[in-house]
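Sequence positions, counted from 1, serve as the residue numbers for this chain.
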Amino acid sequence: MTSTETSTGKIVSSHPTSDGVVVWSRCACGRLRMTLVPYDPSPDGGGRRLTAGARCPVCG
């Protein structure tokens, strides 16, 4: 990822894994969120974004 911003906030770090890239982001209120961005997002590849962490009611 080249941008330091996501739809859920500012990227704190990103790490490649065997299934995709794990992206940690923090919204303006400080909540931390993890998203797994799969290398193969197609249904045949079994890839869907996986997100952990509550969506902020203030920041979106």
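Distance OG/Ser13 to CZ/Arg26: 10.0 Å, rounded to 0.5 Å. Remark: Cys27 SG to Leu32 CG distance equals 9.0 Å, nearest 0.5 Å.
Counting only heavy atoms from C-beta outward, the side chains of Pro38 and Asp19 never approach each other to under 4.5 Å.
Between Tyr39 and Pro16, the shortest heavy-atom distance links the atoms OH-CB, 3.5 Å.
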